[in-house]
Number of protein chains: 2
Amino acid sequence: MLIFVGLGLYDEKDISIKGLEAIQKSEKVFAEFYTSKLLGTTLKKLEEFYGKDIELLDREGIEIKSDKVIDIAKDKDVSLLCAGDPMIATTHIDLRIRAEDACVKTRIIHGASIQTYAIGLSGLQNYKFGRSTTIPHPYKGIIAESPYDVFKNNLNNNMHTLFLLDISDDPMTINDGLDILSKIADKRDDYNFKDNLCVGIARAGSEHPVVKAGFIKEILDYDFGPPLHTFILPTKLHFMEAEALVKFADAPKEILTDKK
Amino acid sequence: MLIFVGLGLYDEKDISIKGLEAIQKSEKVFAEFYTSKLLGTTLKKLEEFYGKDIELLDREGIEIKSDKVIDIAKDKDVSLLCAGDPMIATTHIDLRIRAEDACVKTRIIHGASIQTYAIGLSGLQNYKFGRSTTIPHPYKGIIAESPYDVFKNNLNNNMHTLFLLDISDDPMTINDGLDILSKIADKRDDYNFKDNLCVGIARAGSEHPVVKAGFIKEILDYDFGPPLHTFILPTKLHFMEAEALVKFADAPKEILTDKK
């Protein structure tokens, strides 16, 4: 059996009891940290805490050479660990399909994902979020504009947008992400973009996450400290949401009276 | 300090290690199970597993008489437990605001929510989900139509919709939920509604959840067994999503070739 185990975010203690038991019963444990990362711990700490050796897989190991994982899972209990929730990444959905094709049973042990953490920490209301999107690093100087389209479309439908940031190589900062969106806004003569509110969230899952709300033009230069970062661009706020942002995210008090 | 602890879904082992440690260090432990429920366990089992007495709060205890909770949290570490993730329910956001108003520090320990479980189990892609919505029990025979509007709006924007079902009193079944939506569709002469695909999910988080996909007209009579139930009405599928639904949710094979 191939068991996908979500570790939650941040460190070795964000895993569920059920997940921990599954790892300890497994005969082989793999992990991958390219779809998501745990910045509050190390592979060595995970191994010590779980009491198991862990073989780290890179992208190729999951996407191309995954036959190895599936082969071992044919007659052994194998766990595959990843940060957050396993099924947020399409890579794992694909691996699960291939395992079932090879008659290998699969099981999912969920973990809290960045969506849960970010929305929860912001104080914004979950049911007001539309589609979320990921901002990739520019590739050969070319900026992908689809994240901006997702935001505008959500805004037209009165929904908040959660932006996940590229974590490959150098994890993207909130400032970099906003800078990319601002360039797209400039190109499209969308002059009001920088007046939109932004809720930046750094190190979700740690004991002292930073949650800071302000207008984009202010947040563009705000120092959120080390990664991982993510941010939300909200649509019109419910009064209780505005109150939560002022209380928990040091948002400018004017949003309490704004009818925006 | 008031610590909101998410228990994840289903039973006592879906809590994170971090959450368990917080409970065990707390001087007073409250729980509420009216915003969400754990059907794989009992209050007694939770108390035994966590090694703590738990005082159960009803809706009034959280929404009106919460001063008691906040008062105790002024000089003691108090945990408030709930199923899923604590900040999905606006009730807890409100309580957190009132705690901070009373100068009581708060902390959130996240748990995997029904959104994570349901989307993960379905095999559908997370970034294609629009706003989610809850179907309430009809009140004095009157059906709330807003969930249907959320679905139609998501559909127009090519987004999937996750439907949460009323858990007060008698938890709503998938069949009841679809029946309510069908009545609204009939009233609006929306004749194609029952040809939409539906992914029903029962007992997410248990070792043997039921995940069954089919057209609404078929799923209307499908027996999903005991609660809790939830369902997804997808928009157009990516090919890999169709493959996942056929593999994991016994969807009709025709969706693999449909260009719908």
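So you know, we letter chains A, B, ... as the sequences are listed, proteins then strands, and number each from 1. Please read these numbers as outputs of a predicted model, since none were measured by experiment.
Of all residues in residues 145-153 of chain B, those placing a non-hydrogen atom less than 4.5 angstrom from a non-hydrogen atom of chain A are N153(B).
Counting heavy-atom pairs closer than 4.5 Å to chain A, the top-ranked of the candidates L20(B), D101(B), T133(B) is D101(B). For chain B, the option among E241(A), R107(A), E12(A) with the highest count of heavy-atom pairs below 4.5 Å is R107(A). Chosen from L162(B), D85(B), D14(B), the residue pairing most often with chain A at heavy-atom distances under 4.5 Å is D14(B). Residue with the most contacts toward chain B among F248(A), Y127(A), F4(A): F248(A) (heavy-atom pairs, distance under 4.5 Å).
Between the side chain of R131(A) and the backbone N or O of N158(B) there is at least one donor-acceptor pair closer than 3.5 Å. For K18(A) (side chain) and D11(B) (main-chain N/O), no donor-acceptor pair under 3.5 Å exists by modelled atom type.
For L124(B), the part lying near chain A is the backbone, with the side chain staying farther off; criterion is any non-hydrogen pair under 4.5 Å. Looking at T116(B), both its backbone and its side chain come within 4.5 Å of chain A, counting heavy atoms on both sides. Interface remark: I108(B) contributes side-chain atoms only to the contact with chain A (heavy atom separation under 4.5 Å). Interface residue F129(B): only backbone heavy atoms are found under 4.5 Å from chain A. Only the side chain of Q115(B) comes within contact range of chain A, judged by heavy atoms closer than 4.5 Å. Using a 4.5 Å cut-off between heavy atoms, I97(B) touches chain A through backbone and side chain atoms alike. At a 4.5 Å heavy-atom cutoff, N156(B) makes no contact with chain A through either its backbone or its side chain.
In the displayed structure, K74(A) atom NZ is contacted under 6.0 Å by more than 12 heavy atoms of other residues, nucleotides or ligands. For K105(A), the NZ atom counts as loosely surrounded, since its 6.0 Å shell holds 12 or fewer non-hydrogen atoms of other residues, nucleotides or ligands.
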For this session: Would you check, one step at a time, whether the test side chain to side chain contact (heavy atoms under 4.5 Å, CB included) holds for I17(B) with I17(A)?
Result: CA-CA 6 Å; I17(B) 309 282; I17(A) 309 281; 4.1 Å; yes
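The minimum heavy-atom distance linking A112(B) with H110(A) is given by the pair CB-CB, 4.0 Å.
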